[in-house]
Amino acid sequence: MKKILSQMDQTSRNDFITYGMVIGAFAVISILQALGILSSQIGGLLVPLCVYSIMAVSLNLVVGILGELSIGHAGFMCLGAFASAFFTKCVGDGMPSMLRFVIAILIGGLIAGVFGFLIGIPVFRLNGDYLAIVTLAFGEIIKNVMNSLYVGRDANGFHFSLSSANDMGMDALNGEMLINGPQGITGTPRNSTFLIGILILLLSLFVILNLIHSRQGRAIMSVRDNHIAAESVGINITKYKLMAFTVSAVIAGFAGALYAHNLSSLAATSARFGYNMSIMFLVFVVLGGIGSSRGAIIAAVVLTLIPELLRPIASFRMLLYSIILIVMMIVNWSPASRAFMEKHKLNRFLFKFKKSAGKGGK
Amino acid sequence: MKMKKWTGLLLAGCMAAGALAGCGGSSTGSTQTGGGEGSEELTWKIGMIGPLTGPVAIYGTDVKNAGQIAVDEINAAGGINGYQIEYRAEDDEHDAEKAMNAYNTLKDWGMQILAGAVTSTPSTAVEALTAEDNMFQLTPSGSSKACIEEANAFAVCFNDPQQGTKSAEYFAEHFPDAVIGTLYDSSTEYSAGIEANFESKGAALGLDIADVESFTADNNTDFTAQLNKLKSAGCTYVFMPIYYQEASVILQQAANMGFTPDFFGCDGMDGILDIEGFDTSLAEGLMLLTPFAADAEDELTVNFVENFRSAYEKTPNQFGADQYDGIYALKLAIEKADLTPEASVSDICEALKTAITQIEVDGLTGTITWAASGEPDKEPKAVMIKDGAYVSIEG
């Protein structure tokens, strides 16, 4: 194995380590689960960890590789979640649950991708931080629309309303509420499993890492580093920005579908799918070292686990979480800790990709 | 060099595995020791999930504290069927996913019965897990209908449709000639649920609902536009099935613009007198329909409010009262079914499912009985704020 690794070039070795890390984590957890020594607390966190890792990888493509700021990524996740859960509710038991879930995931990704594409068309004709503003508004709009959307179904077909359940004109006795305004979608079957989560994470990584190393990926990174130079060599800037952003939105939609099928009640509240959640994804990316998929996954896992593992200290956990976050931000990027890493060769393991990405960039 | 790196990687992997195994190991270890101790001293383990941090933390902390008072009283009187109760609360930040994490944490602790969650969406999310594990769930204040859909889930509070209907009935009975306006939060299921039923029941009873206004969680700071519309519609009563934080702002703004109808709320309004910096004189005359009034003079309420005040330095709200009654309901149901903590979670659930429909709790929130659907049956009380305190309105 060492031989194979040493024969690979640096980028493939890096990708290999990233895949290895995910598969290794899956193997370890599965063994622990099989032995029955995994607590239900950790067991219940496995799917959310996958969801957040996928979101971190997805946003990393926009922020780290494309160099644009998106602060409405929770909006794409929200779309994916609602689209997939809506599909599942509509189909009901008319399909084997596994097939239904796979189609639901694809629908979640598709809807989120379509919206990502549509938003990207006008925004990517502009230069500057417009994407940040537009995605921020988009995320809030999606959250509010989902909050006021009523969809019901009875013998006469579907009924929609954006004001209240009474206005839908649905047969209240025999009809079935599919999306019930602020209550959202309840009773979604819990189809998400750790295995499916890991498979989607690996698929996302595979798509993104291969995109980065492809001709298109190099074009995307050239747009990030100097759009004038990129344009001067004939790169269609809008096209490549749109490509990266749409891929990212599709993956966020997958994460949303996974999320929706892990909970039996899906509601778009301010805390959930609001801009706070988008900022949290951004924190994953920044803390993981902008541009590093592996770093983003590690940051997502660590930051999701910390507040849960701090439960024994009850009311102080929120305080301690913030302190840990600040300390991590400072320590992770301080020259002293970088020098320490350098000296003890730790950087070779953790920071290699970032360095090579930086070198390629500047 | 390369060798070193791979050794490092291997070591890191081992450490990570060790840490995870540690988590798992230690918790199963603790359950085992829990069981081991159990042979000498078996206890009931009742868990509670609610928002202990965040914007609606007042509900979670009140429920947690009121539950603690009930547990302490029962323990002092000898426990349930001779076994003491252990009570543990976990935070869900009013979020479905966090509630599931809290549930799993409590399960590791060895919880046998869940007296939670406090708010509706988390309660519904946890319900799917309790149904899977067949654990008995009694939510003190999860008011959405979805909270009690499963056979193992029961509620102490009225559900949203019930509250809307009862409010409309109250209006029809006491103020049949009122010109009513409603102002509600269309982004919370609690408020939207009550409003929809109030409107449909009100229409059936022939109430004059002149204007319906709404706001969302994102624009809940300026209500002048809605208040102006209500004013120009000539409303003499404004029905606000909302939470107390927004209500405090609305009352202030209505007073500023000289709009003085009679305001009427539901149980979410409970807590308005405890807001820091809120001029309580604005709430004078505010009516709310709630099953609990802290000023009631029966011995049970007086004792409870006194204990709560001395322990936590505030007046308990209706959510706390629901939890207090819920814990006593569990006690009665367990005694009825003649259970001991040795029984498995699933056996306890099966026994309690039938036992709870056979008991009658004479509690803080009235005399409560349960139907197998999980709905409680009790009478709401109308209270009014007078001189900065809740006073029951008779009739």
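What you see is a predicted model, and the numbers here were worked out from it, not measured in a lab. Proteins come first, then strands; the chains are lettered A, B, ... in the order of their sequence lines, and each starts at number 1.
- Here side-chain hydrogen bond (donor to acceptor under 3.5 Å, both in side chains) pairs that include residues 44-56 of chain A, with residues two or more places apart or in two chains, are A:Tyr52-A:Arg272, A:Tyr52-B:Glu97.
- Taking the centre of each ring, A:Phe160 and A:Tyr150 stay at or above the 6.0 Å mark.
- Contacts of A:Thr186 with chain B are made by side-chain atoms alone, with heavy-atom separations under 4.5 Å and no backbone atom involved.
- At a threshold of 4.5 Å between non-hydrogen side-chain atoms, the residues A:Val51 and A:Asn262 do not count as touching.
- A salt bridge does not link B:Glu86 with B:Arg88: every distance from a Lys NZ or Arg NE/NH1/NH2 to an Asp or Glu carboxylate oxygen is 4.0 Å or more.
- Contacts with chain A (heavy atom to heavy atom, under 4.5 Å) involve these residues of residues 180-187 of chain B, listed by number: B:Tyr184, B:Ser186, B:Ser187.
- Panel note: side chain B:Asn104, backbone B:Asn101; no donor-acceptor pair is recorded below 3.5 Å.
- Scanning for side chain to side chain contact (heavy atoms under 4.5 Å, CB included) contacts around A:Met21 gives A:Arg294, A:Ile297, A:Ile298, with sequence neighbours left out.
- The pair A:Arg190-B:Glu132 meets the salt-bridge criterion, since a charged nitrogen lies less than 4.0 angstrom from a carboxylate oxygen.
- Remark: the backbone N or O of B:Trp109 is paired with a side-chain donor or acceptor of B:Lys45 at under 3.5 angstrom.
- Contact annotation: the side chain of B:His94 never approaches that of B:Tyr59 to less than 4.5 Å [non-hydrogen atoms, C-beta and beyond].
- Contacts of residues 143-151 of chain B with chain A at a heavy-atom distance below 4.5 Å involve B:Ser144, B:Ala146, listed in sequence order.
- Taking a cutoff of 4.0 Å between a charged side-chain nitrogen and a carboxylate oxygen, B:Glu93 and A:Arg317 qualify as a salt bridge.
- Top candidate by heavy-atom pairs under 4.5 Å with chain B, chosen from A:Pro48, A:Ala267, A:Gly24, A:Ala268, is A:Pro48.
- Here B:Ala102 is the residue among B:Ser123, B:Ser120, B:Ala89, B:Ala102 with the most heavy-atom pairs under 4.5 Å with chain A.
- Between A:Asp15 and A:Ser12, the side chains place no donor N or O within less than 3.5 Å of an acceptor N or O (distance only, hydrogens not considered).
- In terms of non-hydrogen atom pairs under 4.5 Å with chain B, the most contact-rich of A:Lys143, A:Gln183, A:Glu140 is A:Gln183.
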